[in-house]
Amino acid sequence: KKQEGNNKDGSSSKSQFEKRLRLGFWANPAENLTVDGRLKYEDESWKQGEWGGNNQNLNSWNNSYNNQNSLRLDKLSLNWEHAGTKASVGRTEVKLGQGIIWWENQVDGAYVQRQFGPKVSAMAGVGDISAEGWHDVNINAQFANVAIQTSPATQITLANMRTLSNAQKVNNYQTSDWKEYKLNQYALGLNTQVARKWNVLVEAVTNNVGTVENSNNSGVWTRVTYGKMGWKTAKDWQLYGEYFALGNTSVDSKYWGHRLNIAGGDGFGGNGTRGFGLNLDYMLANNTCMSLNYYKLKPYDERQAGFSKF
């Protein structure tokens, strides 16, 4: 991945090559009871410039770093399901809303989810969100999600994540400033299949972040998709366009727990981002996908940031 620095202070480009291998395992030891686990190896090489921050994935079981045996237990949860109720405990995977807050990342904790009739489901839980591997300290949080299926084609979601630990100070890798890292995010989302090959997704977020200076704590993400793609079908494809307007503390752009293809800024409390992206996914063969992505991004507030583009 590569980041271009366009600050007035002449920040240089930064780049690195990353590799990841994940091995999943699953078991059904008893009726209504399952075990879901995964191991992950990840490393970095060919680094140009300096990327800021720590990465727990690269400093885990044996204090290794970069390309030296960075293996970790990515998830391992015990799950019970019966009559519309699911309970999960352990290093469990969590999804909130449409993904602008948190998407398919791990939490060391537990949650309970309940289906209320055919249209409404609710979930609530608590745990350490540093389990997903990008934070360098433990951060306890509570989270909740409500999903309403208004029709077979349309879903509305309301999600929340709130950190319970004392707010920590985290360094913004583009500056020497220290920002307060604190989450109390609410996201309202809509996902609708407007036609057989057309899908529209919109999710807005706001984050009550306390005393962060120069805070823009609201944001929105939209995605319009055309096409049909299944991971087991060769030659399937989809094309989608995205638009972002994300304030500098609206999403976690330092530790990247969300679903977006971009970080959402240049570090939590940094400059946020505005812009658009175009994406093509094509199934070269069964279970083999090629993705082409293009993004044109600028700071959320150019005057405050002091530069015009990422």
Side-chain angles (χ1 to χ4, degrees), residues 92-107 109 111-114 116 119-132 134-135 139-150 153-165 167 180-193 199-210 212 215-225 240-265 267-270 272-277 297 300:
T92 185
E93 190 171 84
V94 174
K95 296 190 293 186
L96 299 178
Q98 304 301 326
I100 200 171
I101 292 179
W102 195 264
W103 191 256
E104 295 181 345
N105 286 302
Q106 287 64 57
V107 174
Y111 71 82
V112 176
Q113 181 172 306
R114 174 67 180 174
F116 298 95
K119 295 185 176 182
V120 180
S121 67
M123 182 266 283
V126 64
D128 178 6
I129 62 174
S130 72
E132 43 75 32
W134 295 332
H135 301 79
I139 303 176
N140 295 320
Q142 65 183 31
F143 49 89
N145 188 69
V146 176
I148 303 172
Q149 200 71 35
T150 60
T154 302
Q155 182 189 69
I156 296 173
T157 55
L158 178 62
N160 169 249
M161 175 170 281
R162 182 170 72 92
T163 53
L164 302 176
S165 307
E180 185 181 43
Y181 178 82
K182 184 178 181 181
L183 301 177
N184 187 17
Q185 296 169 293
Y186 289 88
L188 179 64
L190 170 71
N191 192 326
T192 181
Q193 193 73 30
N199 180 269
V200 176
L201 184 157
V202 181
E203 192 165 26
V205 61
T206 186
N207 182 21
N208 178 13
V209 294
V212 175
S215 171
N216 294 301
N217 63 356
S218 297
V220 65
W221 163 50
T222 64
R223 176 183 289 182
V224 178
T225 304
Y240 61 89
E242 300 185 291
Y243 173 75
F244 311 88
L246 303 171
N248 62 348
T249 54
S250 62
V251 299
D252 186 353
S253 59
K254 181 175 176 66
Y255 297 116
W256 209 328
H258 53 66
R259 178 184 181 182
L260 310 182
N261 291 340
I262 64 170
F268 187 79
T273 191
R274 292 180 186 271
F276 68 89
L297 305 171
Y300 184 83

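- Between Y300 atom OH and T249 atom OG1 the span is 9.5 Å, to the nearest 0.5 Å.
- Taking each heavy atom of F143 and G127 in turn, the nearest pair found is CE2-N, 4.1 Å.
- Rounded to the nearest 0.5 angstrom, N105 CG and L96 CG are separated by 10.0 Å.
- Counting heavy atoms from C-beta outward, V94 and M123 have side chains that approach closer than 4.5 Å.
- Contacts of R223 classified as salt bridge (charged side-chain N to carboxylate O under 4.0 Å, His left out), with partners at least two apart in sequence or in another chain: E242.
- Minimum heavy-atom separation, G265 to T273: N-CG2, 4.1 Å.
- The closest side-chain donor-acceptor pair between S215 and N217, if any, does not fall under 3.5 angstrom.
- Evaluated for a side chain to side chain donor-acceptor pair (under 3.5 Å) with Q98, the options Q155, R259, E203, H258 yield exactly one hit, Q155.
- With hydrogens and angles ignored, the 3.5 Å screen pairs no side-chain donor or acceptor of Q142 with any backbone N or O of G125.
- Summarising the geometry of S250 relative to G219, their closest heavy-atom pair is CB-N, 3.9 Å, with the distance given to 0.1 Å.
- The distance from the OG1 atom of T192 to the CD1 atom of I156 is 9.5 Å, given to the nearest 0.5 Å.
- The heavy-atom pair separating T206 from S218 by the smallest distance is OG1-OG, 3.5 Å.
- The closest side-chain heavy-atom distance from N207 to V251 is not below 4.5 Å.
- Taking 4.5 Å as the limit, some side-chain heavy atom of I129 sits within range of a side-chain heavy atom of M161.
- Annotation for A187 and I100: closest pair CB-CG2, 3.8 Å, computed over non-hydrogen atoms.
- L183 has its side chain out of reach of I139: every pair of non-hydrogen atoms, C-beta onward, lies at least 4.5 Å apart.
- Atom-to-atom distance recorded for I262:CD1 and F244:CZ is 4.0 Å, nearest 0.5 angstrom.
- Here the straight-line distance linking atom CG of N160 with atom CG of L158 works out to 8.0 Å at 0.5 Å rounding.
- Side-chain contact between W102 and D252 is absent, with no heavy-atom pair separated by less than 4.5 Å.
- T157 and A147 make their closest contact through CG2-CB, 4.0 Å (heavy atoms, listed as atom of the first residue, atom of the second, distance).
- Residue pairs satisfying the salt bridge (charged side-chain N to carboxylate O under 4.0 Å, His left out) criterion with at least one member in residues 92-102, sequence neighbours excluded, are listed as follows: R38-E93, K75-E93.
- In this structure, CZ on R274 lies 12.0 Å from CG on L297, to the nearest 0.5 angstrom.
- When side chains are defined from C-beta on, N191 counts as touching N199, because their heavy atoms get closer than 4.5 Å.
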